[in-house]
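Reading through the structure tokens given below for one structure.
All ligand and atom numbering here is 1-based and tracks the order in the structure. Since the model is a prediction, treat every value here as computed from it, not as a measurement.
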Amino acid sequence: MTRVAVLGSGSWGTAFANVVADAGDTDVVLWGRRDDVADAINQRHENPDYFPGIALNPKLRATADVAEALHGAEFVVVAVPSQTLRENLAAWSELIPGDAAVVSLMKGVELGTSRRMSQVVSEELGLSVDRVVVVSGPNLAREIVERQPATAVVACPHEPTAVRLQHICKSAYFRPYTTTDLVGVELGGAVKNVIALAVGVAVGMGFGDNAKAALITRGLAETVRLAVALGADEHTLAGLAGMGDLVATCSSGLSRNRTFGEKLGSGMTVDEVITETRQTAEGVRSSESILALARANDVEMPITEAVVAMMHNDLSPAEALLAFMSRTAKPERYG
Ligand code: 13P
């Protein structure tokens with residue numbers, strides 16, 4: 001039986017492990033730091049931290065022992081905060097089976113290096129990118145753990161590996177598609193968090209659907225510009241991991257990024273929002289690394305710039321809006 005280890009028992013790690021357990025004949029083990037969470041999953045089939053009262057598949061096992069989780073795993077699925085990935089991999093590298101494929105569920109870009117998560121995996125483990133897979137798409141974890149219908153994209157430059165994981169996670173309520181465009185899928189996932197922060201700010205400021213549609217549409221334009229400059233296929237960004245995830249995240253009250261933006265837009269400071277929210281809004285830190293990547297490649301990303309200015313340079317939402325609306329427009333492909 002295929003063995004899958006999922007490292008990280010946060011919301012998406014838990015929901016994805018449950019998808020694999022629901023999908024069928026796979027032995028799936030979820031690793032998390034805390035014994036009490038592992039015990040609750042094993043005994044009550046529930047993750048009390050993120051999904052109290054929602055029944056997980058009884059076949060899903062959990063452990064706080066990472067060596068036990070990784071033993072014999074053919075797929076090692078990683079779902080930790082993006083900025084902690086490198087240090088986590090350094091601690092796990094000796095334990096990851098030599099022939100395993102490593103799957104990233106993370107939607108971020110590393111600060112300091114501007115590396116995508118698949119690049120961090122490949123560098124840190126000395127793994128060919130053909131053995132690195134990314135799963136992305138409009139995948140709000142709570143809806144998925146409730147077994148509501150959802151679609152996703154499984155990306156790997158080595159197509160048979162993507163197809164293999166597609167079969168492992170395909171169920172009656174979860175429909176994964178495959179692609180070889182790792183760059184497009186990862187940048188779609190990372191940049192949409194930044195755009196969702198901007199949409200949240202607009203909503204928090206009391207603006208309506210015209211503003212939201214403008215940010216989503218122009219946000220997609222800047223995502224496409226960056227991704228294509230880095231070698232992605234433009235069509236990927238029109239798909240589930242681009243437009244699909246952007247629309248879901250920017251529209252959803254479940255999104256950590258949109259919620260973070262809403263609180264900022266309604267008058268809280270960045271520090272106040274960080275103190276109040278327990279979960280990681282990936283776009284807050286990735287906005288900086290994405291902007292660095294854009295500047296290094298001479299790509300204009302005005303929404304991302306406004307988000308960085310609000311998150312890291314103390315610009316108020318009102319000031320950011322004024323700067324955004326009054327900047328000199330350049331002729332562009334996407335109107
Ligand atoms: P948040 O990280 O903002 O909660 O977004 C979830 C997501 O990536 C949905 O696809």
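Of all atoms in ligand 1, listed by their number and element, those nearer than 4.0 Å to a heavy atom of Asn139 are 9 (C), 10 (O). Less than 4.0 angstrom separates some heavy atom of Ser255 from each of these atoms of ligand 1: 1 (P), 3 (O), 4 (O). Shown in contact with Asn257 at under 4.0 Å from a heavy atom are these atoms of ligand 1, numbered in order with element: 1 (P), 2 (O), 3 (O). The ligand atoms of ligand 1 that sit less than 4.0 angstrom from a heavy atom of Lys107 are 7 (C), 8 (O), 9 (C), 10 (O). Close approach to Gly137 involves these atoms of ligand 1, each under 4.0 Å from a residue heavy atom: 10 (O).
No part of Glu282 comes within 4.0 Å of ligand 1, judged by heavy-atom distances. Of the heavy atoms in Asp245, only side-chain atoms (C-beta onward) come closer than 4.0 Å to ligand 1. Neither the backbone nor the side chain of Gln279 has any atom closer than 4.0 Å to an atom of ligand 1 (non-hydrogen atoms only).
Taking the charged nitrogens against the carboxylate oxygens, Arg86 and Glu124 do have a contact shorter than 4.0 Å, which makes a salt bridge. Here Arg116 pairs with Glu186 in a salt bridge; the nearest charged N to carboxylate O distance falls below 4.0 Å. Comment: Lys107 engages Asp245 in a salt bridge, judged by a side-chain N to carboxylate O separation of less than 4.0 angstrom. In this structure, Arg131 does not pair ionically with Asp99, as no charged nitrogen and carboxylate oxygen lie closer than 4.0 Å. A salt bridge is defined here as a Lys NZ or Arg NE, NH1 or NH2 lying under 4.0 Å from an Asp or Glu carboxylate O, and Glu262 with Arg258 meets this definition.
Only one option out of Val307, Thr304, Val299 pairs with Leu291 in a side-chain contact (heavy atoms from CB on, under 4.5 Å); it is Thr304.
For the pair Arg256 and Phe260, the cation does not sit on the ring face, since its NZ or CZ is not both under 6.0 Å from the ring centre and inside 45° of the axis.
Lys192 NZ, 3.3 Å is the protein heavy atom nearest to atom 5 (O) of ligand 1. Among protein heavy atoms, the minimum distance from atom 2 (O) of ligand 1 is reached at Arg256 NH2, 2.9 Å.
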